[in-house]
Amino acid sequence: MSTPQTFTTIPILPLSQALDADTKPQFLADLRSALLNVGFLYLSETGLPDGLVRDVISECGGFFERLPLEAKEQIEMKNQKSFLGWSRVDNETTAFNPDHREQLDLSTPHPIPGPEAPTYHNLLAPNQWPSTQYLPTFRPVYEDYMRRMSHISTLFTSLIAEAIGLPSDAFTKFFDKDQQHKLKIVKYPEVDVPNLPENATEIDRKKWEIKRQGVGPHKDSMLTSYLLQASNQLGLQAQNAKGEWIDCKPIAGTLVVAIGQGMEALTDGVCASTTHRVLSPRKGEGARYSVPFFQGVSYDAEFEAMDVPASVLKLRDEARKARKDDVEFTFVKGRWGHLGEATLMNRVKSHPDVGERWYPQLLQQVRAQQAAPVKIV
């Protein structure tokens with residue numbers, strides 16, 4: 001039996017079991033173990049219609065393969081303050097290196113905030129949708145998918161609360177009535193990178209990994225995220241306590257759930273937010289496609305640790321002994337007043353072209369922090 005956080009496989013939990021009184025206790029026990037010791041899991045039997053999932057995958061490929069460049073440029077992310085829209089390959093930065101992926105960021109719909117709203121409310125905005133001339137069914141498919149995923153994520157968060165000894169509605173206070181959730185559609189193009197030699201040095205390995213960086217090592221923000229792997233290539237990997245990268249292979253009918261930094265912060269470290277990355281497919285493997293959905297929380301929410309039972313905190317302490325944590329933690333208590341401030345700063349750091357156009361002062365702060373990093377204990 002492996003020790004906490006030295007997982008070598010990713011658990012699979014059928015969501016349907018949580019809806020049956022006879023199987024729910026075992027589901028919650030399995031979920032608690034996954035939260036404490038892995039921070040990653042496959043969610044199967046989600047109730048998403050098969051036809052909708054097929055349409056989501058089809059429309060994802062259609063966006064990248066059928067939409068002309070000029071039509072993508074009309075909805076480019078840097079055109080708006082909201083960080084919603086299309087991004088070019090190598091435009092986003094993670095772990096100080098460019099991510100070799102092309103993507104479109106969407107969210108559940110919101111009007112543009114008024115002039116009196118705090119700056120971080122700029123993240124709330126209408127989507128920049130692709131032209132119906134080329135993709136006539138893209139918008140209704142993704143609006144339906146986001147609506148259904150909103151329900152699934154709300155249900156799953158209530159199950160997380162129960163799994164760690166809290167009331168099922170414990171997280172409700174962190175959600176707005178019209179809570180914004182976000183979604184990306186992503187294409188990872190092939191890269192021409194040779195095999196890594198068996199006798200490669202650590203420096204050679206790092207260089208090789210950077211050349212294959214679809215997304216660099218990171219932890220998701222907010223509470224939970226749900227990834228639909230829309231093609232069959234390997235690429236997504238989660239890191240265990242030994243620093244080993246564990247493949248999260250595509251499994252039909254599942255979503256890969258990652259626990260976010262917001263969830264880890266609010267549960268006082270009980271729910272592990274696990275470092276993960278994506279390696280780009282190599283030449284001849286074909287492009288990789290994925291559709292991650294990110295559960296949002298109220299940008300106006302303040303930081304606090306929830307009252308988790310002592311018995312669960314004891315399990316947390318055991319799990320923490322083995323945890324590897326070399327990724328910057330976004331939601332450091334005391335650094336930000338609201339979750340929205342931390343989120344906006346994180347977006348500026350990831351998309352400096354948007355920061356340069358709309359948030360130059362915040363971008364200047366980000367670059368100053370990067371030039372002189374300070375470790376907060």
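Between the side chains of Asn232 and Arg288, no donor-acceptor pair is found at a separation under 3.5 Å. Using modelled atom types and a 3.5 Å distance limit, the side chains of Glu45 and Ser16 yield a donor-acceptor pair. At a cut-off of 3.5 Å, with distance as the only test, no side-chain donor of Asp300 or His338 sits close to an acceptor on the other residue. Under the 3.5 Å distance criterion, with hydrogens and angles disregarded, no donor-acceptor pair is assigned to the side chains of Gln261 and Asp220. Donor-acceptor pairing under 3.5 Å is lacking for the side chains of Tyr188 and Gln103. Side-chain contact check for Ser44 and Tyr42: no donor-acceptor pair (N or O, by modelled atom type) lies under 3.5 Å. Judged purely by distance below 3.5 Å, without hydrogens or angles, the side chains of Thr137 and Glu59 pair a donor atom with an acceptor atom.
The minimum heavy-atom distance between Ser280 and Pro189, with the atom names listed, is CB-O, 3.9 Å. Looking at every heavy atom in both residues, Pro167 comes nearest to Ala161 through O-CB, 3.2 Å. Taking both residues in full, the closest heavy atoms of Gly355 and Leu363 are given as C-CD2, 4.1 Å, listed atom of the first, atom of the second, then distance.
Leu43 is connected to Leu155 through a chain of hydrophobic side-chain contacts under 4.5 Å among Ile, Leu, Val, Met, Phe, Trp and Tyr, so both are in one cluster. Ile57 and Leu234 fall into different hydrophobic clusters, where Ile, Leu, Val, Met, Phe, Trp and Tyr residues are linked whenever their side-chain heavy atoms come under 4.5 Å apart, directly or through other members. One hydrophobic cluster holds both Leu106 and Leu52 under the rule that ILVMFWY side chains link at heavy-atom gaps under 4.5 Å. Cluster annotation: Leu28 and Leu19 are assigned to the same hydrophobic cluster (Ile/Leu/Val/Met/Phe/Trp/Tyr, side-chain heavy-atom contacts under 4.5 Å, transitive). Taking hydrophobic clusters as Ile, Leu, Val, Met, Phe, Trp and Tyr residues chained together by side-chain heavy-atom distances below 4.5 Å, Ile10 does not share a cluster with Trp245.
Within a 6.0 Å radius of CD in Gln364, no more than 12 heavy atoms belonging to other residues, nucleotides or ligands are found. Annotation: Asp307, atom CG; neighbour count of heavy atoms from other residues, nucleotides and ligands within 6.0 Å does not exceed 12. Applying the 6.0 Å contact sphere to CD1 of Ile12 captures more than 12 heavy atoms from other residues, nucleotides or ligands. The 12-atom threshold is exceeded at CD of Glu65, counting heavy atoms of other residues, nucleotides or ligands nearer than 6.0 Å. Other residues, nucleotides and ligands contribute only 12 or fewer heavy atoms inside 6.0 Å of the CD1 atom of Ile203. Atom NZ of Lys184 has more than 12 neighbouring heavy atoms from other residues, nucleotides or ligands inside a 6.0 Å radius.
The backbone N or O of Arg54 lies less than 3.5 Å from no partner atom in the side chain of Ser58, so there is not a single donor-acceptor pair. Looking only at distances, no side-chain donor or acceptor of Ser225 sits under 3.5 Å from a matching main-chain atom of Phe294. In terms of modelled atom types and a separation under 3.5 Å, the side chain of Trp86 and the main chain of Gln128 share no donor-acceptor contact. Checking side-chain atoms of Thr93 against main-chain N and O of Asn97 turns up no donor-acceptor pair under 3.5 Å. Using a distance-only test at 3.5 Å, with no hydrogens or angles considered, a donor-acceptor pair links the side chain of Asn240 to the main chain of Phe7. Of the possible polar contacts, none joining the Asp144 side chain to the Pro140 backbone as a donor-acceptor pair under 3.5 Å is found. Side-chain atoms of Gln233 come within 3.5 Å of backbone N or O of Ala287 as a donor-acceptor pair. Listed for the Thr274 side chain is a donor-acceptor partner under 3.5 Å among the backbone atoms of Val38. Here the side chain of Ser231 pairs a donor or acceptor atom with the backbone of Tyr289 at under 3.5 angstrom. Judged purely by atom type and a 3.5 angstrom limit, Tyr145 has no side-chain atom pairing as donor or acceptor with the backbone of Leu48.
Looking at Arg88 and Glu73, a side-chain N of the basic residue comes within less than 4.0 Å of a carboxylate O on the acidic one, giving a salt bridge. Between Arg139 and Glu143 there is a salt bridge, since at least one side-chain N of the basic residue sits less than 4.0 Å from a carboxylate O of the acidic one. In this structure, Glu102 pairs ionically with Lys72, as a charged nitrogen and a carboxylate oxygen lie closer than 4.0 Å.
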Checklist entry - Does the pair Thr154 and Thr172 meet the rule for a side chain to side chain contact (heavy atoms under 4.5 Å, CB included), with working shown? => result CA-CA 9 Å; Thr154 301; Thr172 301; over 6 Å; no
Next on the checklist: Run the side chain to side chain contact (heavy atoms under 4.5 Å, CB included) test on Leu279 and Gln237 for me, step by step, so that the C-alpha distance in whole Å, both residues' side-chain angles and the decisive distance to 0.1 Å come before the verdict.
Outcome noted: CA-CA 8 Å; Leu279 296 179; Gln237 297 179 322; 3.6 Å; yes
Checklist entry - Given the rule in the salt bridge (charged side-chain N to carboxylate O under 4.0 Å, His left out) test, do Arg316 and Asp268 qualify, once you have shown the distances and angles that lead to the verdict? => result CA-CA 9 Å; Arg316 173 206 64 187; Asp268 202 12; 3.2 Å; yes
Item to check | Verdict with reasoning, Leu13 to Gln17, per side chain to side chain contact (heavy atoms under 4.5 Å, CB included) | outcome: CA-CA 8 Å; Leu13 276 65; Gln17 290 186 359; over 6 Å; no
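Looking only at side-chain heavy atoms (C-beta outward), Asp99 and Asp90 stay at 4.5 Å or farther from each other. Here the side chains of Tyr359 and Thr119 are in contact, with some heavy-atom distance below 4.5 Å. Between Val215 and Arg101, some side-chain heavy-atom pair lies under the 4.5 Å cut-off. The closest side-chain heavy-atom distance from Leu227 to Leu236 is below 4.5 Å. The closest side-chain heavy-atom distance from Leu255 to Thr46 is below 4.5 Å. You'll find the side chain of Arg282 reaches within 4.5 Å of the side chain of Arg212, heavy atoms only. Taking 4.5 Å as the limit, every side-chain heavy atom of Leu41 sits out of range of all side-chain heavy atoms of Val256.
Residue Glu92 holds its CD atom at 7.0 Å from CG of Asp105, rounded to the nearest 0.5 Å. Expressed to the nearest 0.5 Å, how far CD of Gln180 lies from CE of Met222 amounts to 8.5 Å. Taken to the nearest 0.5 Å, the CD1 atom of Ile75 stands 9.5 Å off from the CG atom of Asn127. Rounding to the nearest 0.5 Å places OG of Ser131 at 7.0 Å from CD of Gln74. The line from OG1 of Thr343 to CE of Met345 is 12.0 Å long, rounded to the nearest 0.5 Å. Atom-to-atom distance recorded for Asn122:CG and Arg347:CZ is 13.5 Å, nearest 0.5 angstrom.
In this structure, His276 has its ring center under 6.0 Å from that of Phe40. Remark: aromatic rings of Tyr299 and His121 are distant, center separation not under 6.0 Å. Between Tyr142 and Phe138, the distance separating the two ring centers is shorter than 6.0 angstrom.
Each salt bridge (Lys or Arg N to Asp or Glu O under 4.0 Å) pair with one or both residues in residues 246-263, not counting sequence neighbours, would appear here, but there are none. Pairs engaging residues 199-209 under the salt bridge (Lys or Arg N to Asp or Glu O under 4.0 Å) rule: Glu209-Arg277 [sequence neighbours left out]. Every pair passing side chain to side chain donor-acceptor pair (under 3.5 Å) that includes a residue from residues 155-169 is listed here, sequence neighbours excluded: Lys24-Glu162, Thr157-Gln295.
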